[in-house]
Amino acid sequence: PAASLTKLPFGASSEYGFTSSGMLYIEGSTLTYASLKGEKLWEMPVSETCRIAAGDTYAVLYTDTAVQAVGTDGAALFRR
């Protein structure tokens with residue numbers, strides 16, 4: 001029902017991904033991780049050309065020349 005719909009905190013043209021406990025999205029040069037209810041949990045600066053691929057407990061941020069994996073707590077898992 002329409003009464004249970006929630007607006008996402010990012011626009012249709014934003015880069016985004018979902019984990020089992022939240023969502024990541026890039027607006028401008030800021031990566032934000034928010035709970036599934038939309039509460040911001042952490043933010044970090046990123047390149048505006050950054051893309052996201054997400055899994056249950058991690059996200060991979062990548063550009064044409066770099067890759068970085070982060071956990072849902074924002075800590076880097078590895079950087080290449």
Indicate yes or no: at least one non-hydrogen side-chain atom of [X] is less than 4.5 angstrom from one of [Y].
| X | Y | answer |
| --- | --- | --- |
| Ile52 | Ile26 | yes |
| Thr57 | Thr19 | no |
| Leu24 | Leu31 | yes |

Short question: side chain of Trp42, backbone of Thr72 - any donor-acceptor pair under 3.5 Å? yes
Is the backbone N or O of Thr65 less than 3.5 Å from a side-chain atom of Thr63, with the two atoms forming a donor-acceptor pair by type? yes
Could you give all pairs that pass the salt bridge (charged side-chain N to carboxylate O under 4.0 Å, His left out) test and reach [range], with sequence neighbours left out?
| range | result |
| --- | --- |
| residues 53-62 | none |
| residues 23-43 | Lys40-Glu43 |
| residues 4-23 | Glu15-Arg51 |

Minimum-distance pair of heavy atoms, taken over all atoms of Leu61 and Cys50: CB-SG, 3.6 Å
Ser47: which residues meet the side-chain hydrogen bond (donor to acceptor under 3.5 Å, both in side chains) condition with it, sequence neighbours left out? Thr49
Leu36-Tyr16 co-clustered via ILVMFWY side chain contacts under 4.5 Å: yes
Quick one: which residue pairs count as a ring pair (Phe, Tyr, Trp, His ring centres under 6.0 Å) with a foot in residues 45-73, not counting sequence neighbours? none
Please identify each residue that fulfils ring-ring contact (aromatic ring centres under 6.0 Å, His included) with Tyr25, with sequence neighbours left out. Phe10
Residues in side-chain contact (heavy atoms from CB on, under 4.5 Å) contact with Leu41, at least two apart in sequence or another chain: Tyr33, Ser35
